[in-house]
Each structure stands twice: as structure tokens, then as C-alpha cells.
Amino acid sequence: MLDIKVLRENPDAARAGAIKKHMPERAAAVDRALALDQELRAMTPRIDAMRSEQKAAGKQLGKLSAEEREAFLQQQKQLKAELQVLEDEERELRRKLHEELSLVPNLPDEEVPEGKDDSENTEIRKVGEIREFGFEPRAHYDLGEAQGWLDFGRAAEMAGSRNYILLGDMVLLHDAILRFAVDLLVERGFTPIDPPLLVRDAAMFGTGFFPGGEEQTYRCEKDGLNLIGTAEVPVTSLHSGEILKESDLPKKYVARTACFRREAGTYGKDTRGLYRVHQFQKVEQVIVDVADRERSLAHHRAIVRNAEDLLQACELPYRVVNVCGGDLGVPQAMKYDIETWMPSRQSYSETHSASRFYDYQARRLNLRYRPEKGKPLFCHTLNNTVAASPRILIPLIENHQNEDGTVRVPECLRRYLGGREVLGRPVF
RNA sequence: GGUGGGAUGGCCGAGCGGCUGAAGGCACCGGUUUUGAAAACCGGCGAGGUUUGCGCCUCCGGGGGUUCGAAUCCCUCUCCCACCGCCA
């Protein structure tokens, strides 16, 4: 959520921000919010004065004579009735204002490129060599099924499309990459955390997924709970409603959780294999720190670096892209995606997403800290993937496959696989 | 699923229907003392809105009611906790 003051002072920027994000209907919320704000500000002084009068009146009551008293009470009754009408109005206006303000997207940073969708993201850097295979490389689903590592048929049978079953060494590899990701971040000072996967609406709202993301979310209606699509939701919400000590910041967390996404509206897209699935495991890094733009930028560089280091350790070629306005979500100010080379897709495809929000989420979450001097301020928040699996298994097994269908294990993962250097048997 | 108890400032915690934005403690900040630190003592210290400023207004989980007047009484919702039952 943006500060209403930002809207007052610079409504054009708020509108332009929503337009840059290709969210015209949300740009309209800027004007609705401002209209409500103006109405509210017009009535507030009047209500204040009436309340002030009421308060003062009560204190004089005792000094009055019996006759005076009666007229006085009559007068107070009337004041109260009038006040009540105005207060109802005020409350309703406040509610509507909050609703509209919640719809206004975070301002995209200047450096966010113009563009309507991911095809217009701009490349920041490309790292690693794309491997020249001396043979026809196989897609992970062909290779995996041949090895008995993947079973999509039975998964679909019992759970529907976009589901998968990992078996044998693929389970171990899946676990290895996730554990490696956690260890890497713990080594860098992040606190591991294992949060709830089912959360209340407040957490979904606070992180900016609601309103808007309901269709992407599995919901347990009976209990009013939502399955998280990312650990960002519970972890960023962790200190919601608190005023943290500045000396306790930054808070740096690394969470490994299951994630659930309905993938509504993606029919026919990425239907094969492990790329787009309803359920996966993700190691996520989340940072909460003081409201300082420079520090947010530094954290952003650091969390991107963490992910890049993991990919480099896994010997995977990737590129970093600056996500354009149209591909940016409602709460983000800026986002770098990391795309890892996937031979079967013949493309760099998204495996990581590093976002910064400034105080947008913190304001919605009522997440503050007490600075050395002055009033409490809203924190800044950031997050990035460290590793999401099984998606990361695609580049891992495709890029490291051998002609016979076995897969070379990169050095960094061997310790998690009993020292094994190769997975699978020759099957081709 | 059943039955109770609770929700007050950064934290803990008191609070008779008006004198309570709220005792007390802790934490924090400033000072005295000390070679330094601790302790002790003195002082300060909630959040939000509005105003150039003085100030004014709001806030004791949310909403409603009773009352001239509610943190305090009543209703309701949300949340938390405890115990019993069931179960991983």
C-alpha cells in the first residue's frame, strides 16, 4: 500500500505507475482514492469540533442549576444525533478509502523497463556457456521417465494435470539441491525458518497477493485459510503488527516450504514436464530492514548474488533480466528474474525472482521499526528464490546429461548424495 | 467437537461510568554519581490524524448499544489461551 500522502502530492506518478504496469483499472483507483480522501478531509475538522464540544460539555454539567440542566441535556442529545450521522459517514469513507488505496499498485522504479509482458524484459547479464552436446540431448521428461525417475501418467490419474511423481534418485537430487540452497544461505547469515503453509487472508493481503491473486490460490474455504504460493507470504508476515527495534534489523530468513499454485488461466501453456506444476518445494530468502533505499538496493544485489552463486555452483548457464512494467506484480517496485538455460525449451526460462518492495508490503502488514530518532517507520522488505524444485531439476538434469542417459552430479551437490558423481544407469 | 478464560502503551501489567491517554514495573533516552562500567538517584518516554505554530481530534482487539458522559455496563464479531474429547 502506498502512503496516501504520496497520492496527494504526486497523483500523476501513482497513475503513471499503474499504467507502466499495464493495470489501467488500478490506475483508476488512484482517482477514486483521492476523491474519497478529499471528502474525508473536508468533513474531519467539523467532526473534530463537534466532539470537542461534546467533551467539554460533559465537564460543565455539574455546575448547572436544575432548569439549565434540562435544556442542556436536550441540546446534548441533538448534538449526539448529528455527530452519529457524521461518524457513520466518516467510517464508511475510511473503509472505502482503504479499499481503493489497497488497489493502487506500488510505484515501479525508474529503472524498470517499459513493456507489456515477459518478452520485453531486458537482459542485464548472461553467465555461463551453453553446452554443445555431441549428441541429441533429451528433454527431462523423456530422460526422467526412461530412468524411472518421473511418472506423470499416474500423477495425473490421481491428482489431475500439472502434477508429477518423483522417484528414486530424482527424489534425492530434489532434496539435495534444496538442502544445498538452505545451507548456502545459512552460511551467509540467514536464519532458517519453517513457517505455516496455510495462512489467513491477512497474510495474503499484507504481502499484496490479495486482492487480485485469489484465482491463483488454493483456498480451504471451510477454515478460511489459504495455501501459500510462496514462503514470502508467511515469512514477510512474520512480524506483522510489530514495532521492531532498529538494532534487531535486518531480519534475514531462509525458508524451505511447499508451495501451491492453481495456475488458472495457463491452459495449454507449458503442459509437459516439470516446468509448470501445482505443487513444488521452494527455498526462499526474505529480508526485512530499515526504510533506506540504498540499503534496499544493496540487499537486492545481495539476494540476486546468492541465487547466482547457487547456479554457478551447479554449473548452470543463466541470465539475469530486469522485469518490465507489464510483467511486474502489484506490490513490487522492481524485480530481477533469473532465467536458467533449459535445453528442452531451447531458452532461458525463469527459475528465480528477486523483488524489492520498499515499504509497500510493510505498510499493508503494519510492520514497523523504531529508528534511533523519531517516530516508528515502515520497514522495507525484499525476497528472492534460492532454489525452486522440481523446476530447477529441468536444467540440472538436462544440462548435465550424458549420451547414455546418466546424469553428472555437479560437485556442490555430491555431499548430499553420498558422494555420488553420476545418477542413473545407461538407458539409451 | 465440547466448556471456560482473556484481548489495555515497545514489553509486562493495574484500572471505581466522569478527575484516565491511562497507575506500577521493565526496556529505552538524557542527567547526577563513578577511573570506567554496573548499581543507585533525578528527569524524559505510546500511536495516528490535522495545523506554519500554540493547539485540537482519534485510539484501551473490530462493530453496535445503554448514558449528558464508556477502557470501565450490555450485545455481537474477530483473535488468543486453557481444559476435556478425537486424531496425526
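What you see below is based on every heavy atom in this structure, not just the backbone, and it leaves out hydrogens, waters and symmetry mates.
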**Request:** Report yes if at least one side-chain N or O of R200(A) is closer than 4.0 Å to OP1 or OP2 of C79(B); otherwise report no.
**Result:** yes

**Request:** Sticking with atom C1', work out how far G24(B) lies from G13(B), rounded to a whole angstrom.
**Result:** 8 Å

**Item:** Atom pair distance, as rounded to whole Å: CD1 in I4(A) and C1' in G49(B)
**Value:** 13 Å

**Asked** Is NZ or CZ of R391(A) both nearer than 6.0 Å to the six-membered ring centre of F280(A) and within 45° of the ring axis?
**Response** no

**Request:** Quote, to the nearest angstrom, the P distance that separates A71(B) from A23(B).
**Result:** 15 Å

**Asked** With no hydrogens and no angle check, do the side chains of T230(A) and K282(A) hold a donor and an acceptor under 3.5 Å apart?
**Response** yes

**Request:** Take the protein atom CZ of R94(A) and the nucleotide atom P of C57(B), then report the distance between them rounded to whole Å.
**Result:** 16 Å

**Message:** Taking only side-chain N and O atoms of R370(A), does any of them lie within less than 4.0 angstrom of OP1 or OP2 on C28(B)?
**Reply:** no

**Prompt:** Between D223(A) (CG) and G1(B) (C1'), how many Å, whole number?
**Reply:** 13 Å

**Prompt:** When you compare C81(B) with G64(B), how far apart are their P atoms, in angstrom units rounded to a whole number?
**Reply:** 28 Å

**Prompt:** Roughly how far apart, to the nearest Å, are A27(B) and C83(B) at atom P?
**Reply:** 31 Å

**Message:** Between H278(A) and Y218(A), do the side chains contain a donor N or O and an acceptor N or O under 3.5 Å apart?
**Reply:** yes

**Complete:** Under a 3.5 Å limit on both distances, the Watson-Crick or wobble mate of U32(B) is A40(B)

**Message:** Output the rounded distance in Å from CD (Q38(A)) to P (U50(B)).
**Reply:** 14 Å

**Request:** Under 4.0 Å between any heavy atoms, over every strand shown, what does R368(A) touch: base, sugar-phosphate, or nothing? Just pick one.
**Result:** sugar-phosphate

**Request:** Could you tell me which nucleotide pairs with U52(B) by Watson-Crick or G-U wobble geometry, both distances under 3.5 Å, or answer none if nothing does?
**Result:** none

Under 3.5 Å between N/O atoms: give me all the protein pairs with nucleotides 74-76 of chain B, atom names plus distance.
none

**Prompt:** Could you give the CD1-to-C1' distance, from I243(A) to G46(B), as a whole number of Å?
**Reply:** 8 Å

**Request:** May I ask which nucleotide in the shown strands pairs with C60(B), Watson-Crick or G-U wobble, both distances under 3.5 Å?
**Result:** none

**Message:** In this structure, how many angstroms lie between the P atom of C29(B) and the CD atom of E246(A), rounded?
**Reply:** 12 Å

**Request:** Using only heavy-atom distances, determine whether the side chains of N121(A) and D337(A) contain a donor-acceptor pair under 3.5 Å.
**Result:** no

**Prompt:** OP1, OP2 of A47(B) versus side-chain N and O of K375(A): anything below 4.0 Å?
**Reply:** yes

**Message:** Working note: E87(A) + R91(A), criterion salt bridge (Lys or Arg N to Asp or Glu O under 4.0 Å); need CA distance, chi angles, decisive distance, verdict.
**Reply:** CA-CA 6 Å; E87(A) 282 181 332; R91(A) 191 171 14 258; 5.8 Å; no

**Prompt:** Hey, are Y369(A) and D248(A) close enough side-chain-wise for a donor-acceptor pair under 3.5 Å?
**Reply:** no

**Request:** For C56(B) versus A22(B), give the span between their P atoms, rounded off to a whole number of Å.
**Result:** 13 Å

**Request:** Just name whichever nucleotide pairs with G9(B), Watson-Crick or G-U, keeping both distances under 3.5 Å, else none.
**Result:** none

**Modelled atom types, side-chain donor and acceptor of Q332(A) and Y360(A), under 3.5 Å** = no

**Message:** Under the criterion side-chain contact (heavy atoms from CB on, under 4.5 Å), I'd like the reasoning laid out for L316(A) against H400(A): C-alpha separation, chi angles, the key distance, then a yes or no.
**Reply:** CA-CA 9 Å; L316(A) 297 173; H400(A) 296 322; 3.8 Å; yes

**Message:** What is the separation between atom CD on E242(A) and atom P on C11(B), rounded to the nearest whole Å?
**Reply:** 8 Å

**Asked** Which residue, E87(A) or G241(A), contacts RNA chain B at a nucleotide closer to its 5' end, judged by nearest heavy atom?
**Response** G241(A)

**Asked** Expressed in whole Å, how much space separates the C1' atoms belonging to A39(B) and U3(B)?
**Response** 50 Å

**Message:** Between Q285(A) and N306(A), is there a side-chain donor-acceptor contact under 3.5 Å, judged purely by atom types and distance?
**Reply:** yes

**Residue that, paired with E339(A), satisfies side chain to side chain contact (heavy atoms under 4.5 Å, CB included) out of V320(A), D118(A), V321(A)** = V321(A)

**Prompt:** Quantified in whole Å, what is the C1' atom distance between nucleotide G31(B) and nucleotide G48(B)?
**Reply:** 31 Å

**Asked** Does R8(A) have a side-chain nitrogen or oxygen under 4.0 Å from the phosphate oxygens OP1 or OP2 of G49(B)?
**Response** no

**Request:** Report the distance from atom CG of D37(A) to atom P of G49(B), rounded to the nearest whole Å.
**Result:** 12 Å

**Complementary nucleotide of U66(B), counting Watson-Crick and G-U pairs under 3.5 Å** = none

**Fill in**
As its Watson-Crick or G-U partner within any shown strand, both distances under 3.5 Å, C83(B) has G2(B)

**Request:** Quick one: look up who A71(B) pairs with, Watson-Crick or G-U, both distances under 3.5 Å, and put none if it's unpaired.
**Result:** none

**Span that lies between the C1' atom of C11(B) and that of G1(B), in whole angstrom** = 36 Å

**Asked** Has R91(A) got a side-chain N or O lying under 4.0 Å from the OP1 or OP2 atom of G64(B)?
**Response** yes

**Asked** Closer to the 5' end of RNA chain B via nearest nucleotide, is it I47(A) or P376(A)?
**Response** P376(A)

